[in-house]
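We count residues from 1, following the sequence as given. All ligand and atom numbering here is 1-based and tracks the order in the structure.
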Amino acid sequence: MAWNVVIAGGGFGGAAAARELERLLPKQSARLSLVNETNFSLYTPFLPEAASGTLEPRHVVTPLREQLTRTYLRLGRIVAHDPAAKTLQLRKKFGGTEELRYDQLLLALGSVSRTLPVPGLAEHAVGFKDLADAIYLRNHVVETLEEANATEDPVRREKLLTYVFVGGGYAGLEALAELQDFAADAMDSYPRARLHGMRWVLVEAAGRVLPEIDEQLADYALRELRGRGIDIRLNTTLEEVTADSARISTGELLPTETVVWTAGVAPQPVLRELNLPLDERGRVPVDEFLRVEGMDSVWAIGDCAAAPDPRGGTCPPTAQHAVRQGPVAARNIAAELGVGSPAPFTFKAYASFVNLGRHKAVGRIGERTFRGFPAWWLARSYHMSQIPGTARKVRAVLDWTAGLPFRRDVSEVGSIGHPKRLG
Ligand SMILES: Cc1cc2nc3c(=O)[nH]c(=O)nc-3n(C[C@H](O)[C@H](O)[C@H](O)COP(=O)(O)OP(=O)(O)OC[C@H]3O[C@@H](n4cnc5c(N)ncnc54)[C@H](O)[C@@H]3O)c2cc1C
């Protein structure tokens with residue numbers, strides 16, 4: 001009899017686990033299934049570059065069918081779980097539901113943008129978490145430039161050319177830096193908008209940006225971005241958003257039609273429906289072997305798990321951790337099925353980089369810190385080594401190379417995927 005191993009989520013953690021399970025478990029002994037919302041995994045560190053058009057959006061994702069050879073890919077969402085019967089309910093992408101039976105289950109469902117009850121936030125702000133957000137933002141920025149160049153109304157032009165980002169973690173800062181860089185270059189094609197000038201504002205509730213890296217490097221990033229004219233407001237919160245303004249805690253009303261919310265992540269809300277233990281932040285608590293507390297055949301990794309960090313506390317929600325937890329969970333699942341022996345998760349993060357656009361970054365490897373061009377080069381080399389699939393590596397290099405001699409592409413392609421109705 002073949003064991004049923006089901007992996008829920010095909011991002012960094014889930015795909016890494018599936019690759020390792022394919023290697024460890026003999027074909028005849030296990031049937032591997034992976035459920036994901038899309039047929040690709042997204043390489044999020046390149047999302048800001050997809051938003052700025054430096055990389056083609058399709059080149060920051062890798063098809064799961066390219067990464068996996070014998071795992072049965074199911075497209076859809078897991079919506080329910082019965083631990084006693086060991087079944088999951090799959091809502092299939094193209095309609096209908098199906099029950100999936102498992103002997104071993106690995107949860108790798110990732111996270112969503114963490115929102116706060118700020119009036120107007122849900123209606124008027126956008127997140128920066130997936131490919132759709134990146135493509136939308138790029139097209140939106142181009143639209144604002146087009147409209148600002150065309151309008152005769154200076155008040156409207158001010159609203160169009162003011163961009164507000166909320167949250168100064170690495171995702172927010174990288175997105176802001178890349179998009180501002182893109183807009184500054186694209187401005188050459190919009191003389192009237194250029195005459196007016198743009199305003200980019202970062203609002204951060206804490207007294208510093210980039211809590212993920214040490215303070216000296218964060219200060220360098222702050223100076224670098226302020227030097228480009230980005231208005232960074234520390235110890236400031238967003239109080240209200242409307243269709244054409246953002247009110248911040250200093251009492252100022254910023255005229256804007258663009259508010260990007262990048263203030264952290266929260267675990268997938270569906271976890272609450274899955275009959276699992278959850279910690280106070282809504283994550284699934286696991287032990288050092290990544291097994292869900294109190295459940296013998298359920299495992300969890302990545303952003304959706306609260307896994308003990310060998311440095312103390314729980315692991316932060318980073319791809320670095322998810323991609324290393326995947327193979328550990330795979331090994332432990334295989335051991336549970338009689339192949340090999342279990343091992344605890346022992347990885348200690350020793351490097352982190354934040355891309356600041358314009359060939360600059362800040363980062364750390366072990367005790368050594370880097371800034372400026374060397375940091376950017378190291379970060380890019382690291383990501384190139386990590387993005388799955390040779391085809392994606394080559395395509396990314398070609399995109400960067402082709403971008404060097406040419407001006408920024410300002411075509412607004414928001415209509416992609418939305419065909420006109422006939423007649
Ligand atoms: C803009 C940005 C930049 C980042 N840059 C970095 C960086 O430079 N370095 C770094 O270490 N980390 C970075 N991160 C964080 C990193 O992306 C996450 O920590 C990582 O994706 C977590 O991996 P995961 O496997 O837990 O989840 P994910 O990679 O998010 O995968 C979860 C998968 O589960 C699927 N899914 C969700 N719900 C369901 C469901 N109900 N049923 C089935 N499937 C479901 C999703 O479609 C997704 O494919 C960045 C994040 C963002 C947003």
Would you mind telling me which of Thr144, Thr258, Thr256 makes a side chain to side chain donor-acceptor pair (under 3.5 Å) with Tyr163?
Thr144

For the aromatic rings, using the six-membered ring if either is Trp, is the centroid distance between His81 and Tyr102 under 6.0 Å?
yes

To the nearest 0.5 Å, what is the distance between CD1 on Ile7 and OH on Tyr72?
15.0 Å

Leu47 and side chain to side chain contact (heavy atoms under 4.5 Å, CB included): which partner among Leu42, Leu137, Val61?
Leu42

Please give the N or O to N or O pairs under 3.5 Å between ligand 1 and the protein, distances rounded to 0.1 Å.
| unit_1 | atom_1 | unit_2 | atom_2 | d |
| --- | --- | --- | --- | --- |
| ligand 1 | 11 (O) | Ala319 | N | 2.9 |
| ligand 1 | 11 (O) | Gln320 | N | 3.1 |
| ligand 1 | 12 (N) | Tyr170 | OH | 3.3 |
| ligand 1 | 12 (N) | Ala319 | N | 3.0 |
| ligand 1 | 14 (N) | Tyr170 | OH | 3.3 |
| ligand 1 | 17 (O) | Thr44 | OG1 | 2.4 |
| ligand 1 | 19 (O) | Asp303 | OD1 | 2.9 |
| ligand 1 | 19 (O) | Asp303 | OD2 | 3.3 |
| ligand 1 | 19 (O) | Pro317 | O | 3.1 |
| ligand 1 | 19 (O) | Thr318 | N | 3.3 |
| ligand 1 | 19 (O) | Ala319 | N | 3.2 |
| ligand 1 | 25 (O) | Phe12 | N | 3.4 |
| ligand 1 | 25 (O) | Gly13 | N | 2.8 |
| ligand 1 | 26 (O) | Asp303 | N | 2.8 |
| ligand 1 | 29 (O) | Phe12 | N | 3.1 |
| ligand 1 | 36 (N) | Glu37 | OE1 | 3.4 |
| ligand 1 | 41 (N) | Ile78 | O | 3.2 |
| ligand 1 | 42 (N) | Ile78 | N | 2.9 |
| ligand 1 | 47 (O) | Asn36 | OD1 | 3.3 |
| ligand 1 | 47 (O) | Glu37 | OE1 | 2.7 |
| ligand 1 | 49 (O) | Asn36 | OD1 | 2.8 |
| ligand 1 | 49 (O) | Asn36 | ND2 | 3.4 |

Suppose we call two aromatic rings close when their centres sit under 6.0 Å apart. Are Phe46 and Trp400 close by that rule?
yes

Distance in Å, Asn332 CG paired with Leu337 CG, rounded so as to fall on 0.5 Å steps:
11.0 Å

